[in-house]
Every structure is written in structure tokens, then in C-alpha cells.
There are 2 protein chains.
Amino acid sequence: MAGRLSTPGTTVTSRALALLGAFDEDHRRLTLTELAARAGLPVPTAHRLVGELVAWGALARDPRGRFAIGRRLWDLGLLAPVQTGLRQLASPYLHDLYGATLDTVHLAVRDGLEVLYLDRLAGNTSVPVVSDIGSRLPMHSTGVGKVLLAHAPPEVQADVLSDLRRITPYTVVQPGTLRRQLARVLRDDYATTVEEMSLGACSVAVPIRAGSDVVAALGIVVPGLRNDRAKYVAALQVAAQGVGRALAAARRDPS
Amino acid sequence: MAGRLSTPGTTVTSRALALLGAFDEDHRRLTLTELAARAGLPVPTAHRLVGELVAWGALARDPRGRFAIGRRLWDLGLLAPVQTGLRQLASPYLHDLYGATLDTVHLAVRDGLEVLYLDRLAGNTSVPVVSDIGSRLPMHSTGVGKVLLAHAPPEVQADVLSDLRRITPYTVVQPGTLRRQLARVLRDDYATTVEEMSLGACSVAVPIRAGSDVVAALGIVVPGLRNDRAKYVAALQVAAQGVGRALAAARRDPS
DNA sequence: GCGCGTCCTTCCACTGACCGGAATCGTCGT
DNA sequence: ACGACGATTCCGGTCAGTGGAAGGACGCGC
């Protein structure tokens, strides 16, 4: 009366990964039962797998017996190639930029149809900023997103343009309007948003290039854009070019 | 003539984890064959498991067909509880400190018998700094290490004191000397090093407290320590107290 | 062009590691 | 004391995983 009832086709590995996938921004700590439910596994099965994950250090138990992502996965995550390298290289330039403006500064790359934020220096202003390191936001409503979208392959652009969600009253939801904006981004080599992601927040962003490819974007969030737009664009471009040169230098050296 | 020859006791999960564990600081990119060898698995077995890991996003293939840690593991790593929370909370204070001094600033915790660096703002000076985010260094030769060691449980202190590796000619390798320094750290509430980790680099560090527990350390690396030591200590303590207050506030609020 | 070395991928029959319902064991709150 | 809930342990049936062998896909030297 025992036997295996798991739906065929499910591998052990995929189950272990499902357990890891049960954690997200809003669920950093889970009990075994929650974990099993979120991963779609029976409790005893989850128990055994989780035991192995904990033994290895992928998960950890907190004092209350709940589970969380372990330190070893944190270590591994830092080894992820593109992000870490880029983040480390760009870090000093981000700080320079932050020092010069004291506004919130972002480093982001495209991940599928979204923007992935690799780093953020939080400005001390009270501008509402929703991004956070590791978070993803839509491309059509952020400065860095527009830059990355403008340089993305046509099929990505088409996918994004076909589903423009409204986020604030000022979000651009007309494909035609956005397409025109993207053309302008290519021409001017920078993008802006005005309260399109959150009210009271405007942004300017520029591309970061490795050779001729756009590999990331650098952005700044400010309370408003008056006549000082040129100042921000200039500071951003200096920083972006610095990162680009550092990237090129690093690419020649190791790999 | 097929059959299973794997040594009994090895689980699928442990093999998948062994594959992840094959990556480290010096091996960020591996071919399938290297991966299999480092994980101690036959190539076909590694091939199948790696396929699942890639499908899930734990690993990624680069253009040359080699494997590396994937973006999804990077995401997960950011969810690791202690570090992320502390890092996020401390971030603005680190930036303030960096802005005030323009020297390299560190946030670190104790991990076993070593110091684990959670964050670093790289100063633009040319002081040789060996630490990096996620890296581990010995406790007896770094400023943050001495702070954390001074507040560590006696058995940890004993373990560390029993094996003081020499790193530079100035590294403290006499247990008695270090013990006296630790006592002074407790009295003065800050620690210093003078070229004990790398030549040309000195450091000052202070503890970060949550309540009365020391949970982390804040340090700064400078080219030399003259009469300005007091200035650094004061700046560090202001920042550390700020982080401590933020920690206390955060602890009251959510979980 | 051709042989050779290296690495990647597919195949497939055997079998022991995994599965999960059921039962047991804490540990709460009432 | 008792019920409710979650964490553990048990254990026999079975199928997912195993890995040697064979087949490709390159790249390189001659």
C-alpha cells in the first residue's frame, strides 16, 4: 500500500528546484508545510528533500524552525557571470554619479520582457522609488527600460508593445506613441520618463555599451525634470562611457 | 549490460547540488566535462542533470557552450535572510560614510572562524584592498575581523587564536598579543590594523549592535593612520549607531 | 581532404533509490 | 487534558535514474 503516486515525468531534480522556487520576495521564510504546498509536494517528500538542501547549505533553518535561503546559495548567486562582473565594474561609476547628484541611481539589464535591476544607490530624497536590487519592472514605464527596449531585438519590442499595462495616469500605453519615443531614444541616446512608473518620480537613462552592443542601462530618478535635463544626461553619459571602457578593458584581459 | 553502478547512498539531489558546488571563485565557467569531473559524476549523468538545471534557470550556457551560474540563482541568493536585510538597511549609512571619507568602506559579519564581507564601497584611492563582496578573510588580520572576534564566543576565539597564519610581516601571530588587542577592542569599542592584511593598507572598524548583541562590523581601509584616527572612529561610530537604530526599528516592525 | 582528438548528445535495459500514505511524535493554545 | 497543527519516522512497491556504449559535431594539424 505504499508505492509511488507522483505524476510521471517529474524528476527529483525538478522537485528540489521547485522547493527553491517556493521562495520569493514575499515569502523569504516558510514552514515545511507551506514549502511543501507551494512546491506542490507531499509533506514527507518535501521533508526529505529539504533535509538534503539544508545539509548542503542551500537552505537554512531559523531559530523558529522555519526555512530560508541559505548562505551557500547567496555565495553562488554572487558567481553569476554577467551581473556580478558588470555590477562590480560599474560600482565606482555609480558612486561617482551618486556623489555628484545625490539622487537615486540605477544599473539595470534586460531580462526577457522586463527590466532587471542589478544595483541601486538610494538617494536621500523622498522620491518614491519602487525598484530594488534583484527586482523586475516593465520596460515601457521606466527610463532604463526604454533604453534597453530601444536596443532590443524587434521580436522583443513587438512582444512588449503588444501589452502595455497602465501603471499611473501618465504611463504610455499607446504602441504608436511608445514606438516614436523609442526612435527618439536611438537618435538622442537617452530616455526619460515623467511619472510613468510612480507619481512624483521622473527619470533619465542612458545605454551602457560593450563595443557596439548595448549591454545595460544606467538611470537616475529625480523628483522633477525642469531645465536641468541636459545636466543629468551629461553626467550619465560620462559614467556610462566609463563603465563601457572598463568593460572593454576587462573583456580583453581574462574571460 | 547497463545497470546502476553509482555508489550507494548518493541521492539525486546531492548530485545536483554537487554540480552547483563545482562552481567557485576560480571556476565561474565550466564545460560539461569539467563540470562532471569536478562533481565526481559520469558525463552522461551530469549532462542530464545539468539540462534540468539549465531549464529551470539555475545554470546558464554562455555563447561558447560553457555553463555558469544562472540568473535565477542570483535572484534567490538575494533572498537570503540575514545578509540581505542587513545589507539593505546599512546601505545608506555606508554611502554616507563613503561620501564623507572617499575611502573603501566595508560591512562584514562573522561566518564560522572567518569574516564574511557583505558589502563594499570601493574607494578611488590606490590602497590595495583584497576583500570583495562575498569573500571571506581571516579574522586576526582585518579590522572588522578583530571587532567580530572580540565579541565572539570564547570557543571561537580559542579556535582562531590557536592558528594565526602570517600574511604580511606585520600580521599579529602571537596569541598573547592578539588577546591583549582584543581586550582593548572591547574597552575602546573599535579596532585597528596596520598593514596586517596587505602592505600599504591600514584599517579602522567598529561593531554594529542590535540591542546589546554585536551582529556585524563596519570598517574603513585607508592608506595610513596618523593623527586622524579619532576622526575615522567618530565617523564610523555615527554610522554604526545609525545602522543599529535602523535594525532595531526594523526588528520591531515586521517579523 | 582526411584522420584524429575532444567534447557533446542520444540510447536503453537493469535495478536500488525514491515515493508518499499512514502512523507517531512534539508543541502549542485553550 | 485535549484537540489541532506541524514535524518526523516507517516501509514495501516500483519506476525514475543510471552510465557504458555508440554516434555526432566540431576544430586542428598535416
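Keep in mind the model is a prediction, meaning the values are calculated, not measured.
Atom CD in B:Glu34 sits about 11 Å away from atom C1' in C:dC7, given to the nearest Å. In this structure, B:Leu35 atom CG and C:dC7 atom C1' are separated by 13 Å, rounded to whole Å. In this structure, the CG atom of B:Leu32 is 13 Å from the C1' atom of D:dG19, given to the nearest Å. Rounding to whole angstrom units, CG of residue B:Leu53 and P of D:dG17 are separated by 13 Å. Regarding B:Leu49, its CG atom lies at a distance of 14 Å from the P atom of C:dT9, rounded to whole Å. Atom CZ in B:Arg66 sits about 15 Å away from atom C1' in C:dC8, given to the nearest Å. In this structure, A:Leu30 places its CG atom 13 Å from P of D:dG6, rounding to the nearest Å.
Each of D:dG19, D:dT8, C:dC7 was ranked by its minimum atom distance to the side chain of B:Pro44; first place goes to D:dG19. For B:Thr33, counting side-chain heavy atoms from C-beta on, the closest listed nucleotide (D:dG19, C:dC7, C:dC18) is C:dC7. Side-chain atoms of B:His47 lie closest to C:dT10 of the nucleotides C:dT10, D:dG19, D:dT8. Side-chain atoms of A:Val12 lie closest to C:dC18 of the nucleotides D:dT8, C:dC18, D:dT18.
In terms of position on DNA chain D, the residue among B:Thr45 and A:Phe67 whose nearest nucleotide sits closer to the 5' end is A:Phe67.
Using a distance-only test at 3.5 Å, with no hydrogens or angles considered, no donor-acceptor pair links the side chain of A:Arg187 to the main chain of A:Asp189. Between the A:Glu114 side chain and the A:Asp111 main chain, no donor and acceptor come within less than 3.5 Å of each other.
With salt bridges taken as basic N to acidic carboxylate O contacts below 4.0 Å, one links A:Asp24 and A:Arg38.
Residue A:Arg15 has a polar side-chain atom (N or O) positioned under 4.0 Å from OP1 or OP2 of C:dG20. Close to C:dC18, at under 4.0 Å from its OP1 or OP2, lies no side-chain N or O of A:Arg48.
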- Would you give a per-nucleotide map of nucleotides 25-30 of chain C, 5' to 3', where B means the base has a protein non-hydrogen atom under 4.0 Å away, S means only the sugar-phosphate does, and - means neither? ------

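More than 12 heavy-atom neighbours from other residues, nucleotides or ligands sit within 6.0 angstrom of CZ on A:Arg166.
A:Ser135 and A:Glu25 are not linked by any side-chain donor-acceptor pair at a separation below 3.5 angstrom, with hydrogens and angles left out of the test. Between the side chains of A:Arg120 and A:Thr104, no donor-acceptor pair of N or O atoms lies under 3.5 Å.
If you check every strand for non-hydrogen atoms under 4.0 Å, B:Thr31 touches sugar and phosphate atoms only.
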- Task: Give the intermediate values and the outcome of side-chain hydrogen bond (donor to acceptor under 3.5 Å, both in side chains) for residues A:Glu52 and B:Thr11.
- Result: CA-CA 9 Å; A:Glu52 291 191 71; B:Thr11 65; 2.2 Å; yes

